[in-house]
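These notes concern the structure reproduced below.
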Amino acid sequence: MKKRRFLIKLKALLSIILIITELISLGFLGYSLILYKGVETFYRLFGILILIYVLLFVSYMLLRGIKKKTLKSFVIPAVISIIFTIIQFVGYYYLHTVYQAINAYSDNENMYYSSLVTYTLSYQDHKSLNNKKIGIVEDTKDIEAYTLPLEIIDELKLDKNNKIIKYTSTIELLNELKEKKVDAAFFSSNYIDMFSSLEGFENIEEETKVLYKGEKEYKVEDNTTSKTSSLTKPFTMLFIGVDASKDGVTSGYNADVLILVTFNPQTLRATMTSVPRDMYLKTACSGGAYRRINTTTWGSSSDCAVQTIENLFDVDIDYYAKINFKGIVQLVNALGGIDVDNIPYSFCEQSSSRKWGSKTVYVDKGDQHLNGEQALALARNRHYPNDGSTTGKFMGKYCADRDGGKRNDYTRGKNQMKVILGIVEAATKLRDPNQAIEILETIKKNFQTNIKTKDVMSLYNLGKSIILTDSSSLVNVQRTQLSGYNAYGHIYDVSSKSYPAVTIPYTGSINDIKKEIQINLGNKKGTTVKKVSFNLNKLYEDTVIGAGSYSQSKIATLKNVSSYSVSELQSYASKNNLKLKFIDVDTNTEVSLTSYDSYKFYKQKEHKDTILDQIKTLTIYVKKQVVITPPIETTPEVIPPVLDNNNQ
């Protein structure tokens with residue numbers, strides 16, 4: 001009898017424990033389901049109701065089995081309760097872990113890094129600076145070049161015995177530092193990757209020294225998302241691939257990949273517009289000055305890049321996603337590699353850490369399955385291999401490159417799109433939640449976006465349709481390519497005091513891309529194609545909008561006016577809306593001239609080949625001509641001969 005009572009009490013205790021445990025697991029699972037607001041509310045509520053019914057049914061069976069003599073009547077509901085408890089806890093773990101991983105990308109707290117840099121290698125550290133000049137870039141949006149440096153200056157009291165000089169341009173400060181017009185300057189700690197590709201700064205790593213490095217975590221408000229943005233409606237997104245040899249995306253980087261994507265969830269149609277890194281135009285953060293577009297990510301935020309592309313294509317960008325090149329490698333490897341069709345040529349490229357030798361990456365032409373390093377190499381390649389040797393070609397034992405191929409920014413843009421589509425296709429084949437979690441955790445430190453968690457959840461319906469069909473081919477992608485003409489050696493950049501390798505975009509290309517974007521966003525009606533022709537003997541190639549043949553006048557630049565007369569200068573200045581000034585170089589005062597009678601041309605202040613749109617005044621330095629008066633010729637006095645009276 002005592003044994004039976006003990007058994008009943010034990011069953012009752014176990015039943016209570018099992019019921020409470022199952023109830024707790026159901027609560028956790030229910031909480032995680034509530035977080036997934038993008039999933040149909042009916043399905044989530046229905047799932048929770050089913051689990052509640054199972055809990056009540058199992059609880060009833062457990063309580064009923066307490067007084068029954070047979071052990072079987074208690075064990076079966078107990079086992080069912082344990083199984084459902086495990087399922088609910090496992091479900092909660094995966095759902096909550098994935099949600100937290102996604103939510104982490106909306107976290108706007110990041111570490112930022114600034115370095116105090118000098119070209120004077122004899123300085124030991126920041127304490128060596130006494131009665132010196134220290135430069136910073138005055139840009140309140142740039143944490144690493146302005147906000148953090150101000151705090152470091154205050155903390156180290158660098159302004160006590162030194163002069164702090166503020167500059168409006170990063171490149172201007174960089175040149176001033178190299179010319180030692182300032183003794184030290186603050187830049188992002190990633191300054192070597194930022195500047196080493198610039199002409200004259202190829203050896204910046206060896207020529208400079210870091211006197212101090214500071215770091216701090218900041219919470220930054222993101223103002224780039226439009227208020228009406230939604231992933232359930234036609235939207236735009238800017239993909240920014242930043243060139244970095246180290247982990248992280250908060251530091252200043254070169255934007256070597258800029259791809260504007262528009263997507264229409266109703267039509268499942270997308271456009272992908274590639275913008276070459278050397279496009280030279282007015283950026284949103286340069287005060288109306290021309291810059292290469294890859295410099296728009298030199299600041300700590302993505303605002304400049306987003307606003308510049310918005311201005312270029314006259315479109316509001318809803319979202320951006322920034323990933324550094326290390327992140328591409330990690331993402332592709334986490335996906336198990338990607339399939340890329342029709343690689344146009346075989347090539348060799350540096351590794352993601354900018355290494356040749358045994359780290360050289362080789363990619364064969366044709367259809368290939370690429371690992372992370374190979375995918376990055378394909379996205380980056382635009383030159384023949386060069387290891388910096390005197391031969392100029394890296395054809396050592398690690399490089400099998402024998403196929404030239406057409407390599408430039410436009411080919412690279414096409415290859416970048418192939419890599420992105422390969423990643424999308426591989427991602428749609430994911431079925432293992434552990435792999436999805438691993439991918440999200442792997443690329444976290446190398447990926448940044450302004451897409452909020454609630455917006456990601458709204459992609460559920462789209463993702464469901466793609467997964468159920470087991471194909472990404474549902475999405476029709478129209479490729480577009482911004483094209484332009486090469487202006488290398490023809491345009492003088494005032495801020496860098498050099499002739500950079502730049503490309504001027506074609507207005508026709510911009511307009512064609514604008515039209516295609518507006519059509520896909522549903523703001524314009526497209527033209528219906530009624531006739532199609534094809535040739536079985538010729539491989540079909542998709543039309544790339546914006547990459548056609550365009551003709552336009554070269555951008556107007558300042559001429560060398562040293563041989564112009566005053567009247568010609570006046571006519572030239574008037575024609576180009578320039579204020580003409582003559583400055584006496586000796587007195588440094590402005591003079592009024594109608595001709596070069598008393599003055600002669602000395603030099604022009606504004607450098608020839610400067611874009612005329614960038615200058616308002618044409619300043620000519622003149623030098624007063626010295627008039628040498630020739631000596632007056634005099635007739636020599638004729639002295640008559642003296643007569644000798646004795647000889648008369």
Using a strict cut-off of less than 4.0 Å between a Lys/Arg side-chain nitrogen and an Asp/Glu carboxylate oxygen, indicate whether [X] and [Y] qualify as a salt bridge.
X: Arg292; Y: Asp278; answer: yes
X: Glu172; Y: Lys181; answer: no
X: Glu179; Y: Lys497; answer: yes
X: Asp256; Y: Arg380; answer: no
X: Lys282; Y: Asp613; answer: yes

Any donor and acceptor pair, going by atom type alone, linking the side chain of [X] with main-chain N or O of [Y] inside 3.5 Å?
X: Ser115; Y: Val117; result: no
X: Ser274; Y: Gln481; result: no
X: Asp142; Y: Ala145; result: yes
X: Asn576; Y: Tyr572; result: yes
X: Asn190; Y: Asp193; result: no

Side chains of [X] and [Y]: does their closest heavy-atom pair fall under 4.5 Å?
X: Leu580; Y: Thr619; value: no
X: Asp609; Y: Leu558; value: no
X: Asn254; Y: Ser197; value: yes
X: Asp318; Y: Met237; value: no
X: Arg277; Y: Arg412; value: yes
X: Ile615; Y: Leu578; value: yes
X: Ile165; Y: Val182; value: yes
X: Ile153; Y: Phe186; value: yes

Just by distance, with hydrogens left out, do [X] and [Y] show a side-chain donor and acceptor under 3.5 Å apart?
X: Ser498; Y: Ser496; result: yes
X: Thr308; Y: Asn311; result: no
X: Tyr119; Y: Asp183; result: no

Checklist entry - Would a line drawn from the ring center of Tyr602 to the ring center of Tyr621 be shorter than 6.0 Å? => result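 Judged by ring-centre distance (under 6.0 Å), Tyr602 and Tyr621 do not meet the cut-off.
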
Item to check | With Gln416 via side-chain hydrogen bond (donor to acceptor under 3.5 Å, both in side chains) - residues at least two apart | outcome: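 Checked Gln416 against side-chain hydrogen bond (donor to acceptor under 3.5 Å, both in side chains); zero matches.
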
Item to check | For Trp298, the option from Tyr146, Tyr191, Phe187, Phe195 that meets ring-ring contact (aromatic ring centres under 6.0 Å, His included) | outcome: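 Option passing the ring-ring contact (aromatic ring centres under 6.0 Å, His included) with Trp298: Phe195.
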
To the nearest 0.5 Å, how far apart are [atom1] in [X] and [atom2] in [Y]?
X: Leu158; Y: Leu129; atom1: CG; atom2: CG; result: 6.5 Å
X: Leu618; Y: Ser574; atom1: CG; atom2: OG; result: 12.0 Å
X: Leu376; Y: Glu349; atom1: CG; atom2: CD; result: 8.0 Å

Does NZ or CZ of [X] lie under 6.0 Å from the centre of the six-membered ring of [Y], at an angle within 45° of the ring axis?
X: Lys623; Y: Tyr599; value: no
X: Lys514; Y: Phe313; value: no
X: Lys209; Y: Tyr123; value: no

Checklist entry - Hey, which of Thr262, Asn264, Thr236 is the one that makes side chain to side chain donor-acceptor pair (under 3.5 Å) with Asn520? => result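 The side chain to side chain donor-acceptor pair (under 3.5 Å) with Asn520 is passed solely by Thr262 among Thr262, Asn264, Thr236.
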
Next on the checklist: For a side-chain contact (heavy atoms from CB on, under 4.5 Å) check, start with the C-alpha distance between Lys132 and Lys163, then their side-chain angles and the critical distance, and finish with the verdict.
Outcome noted: CA-CA 6 Å; Lys132 304 296 182 183; Lys163 184 177 181 181; over 6 Å; no

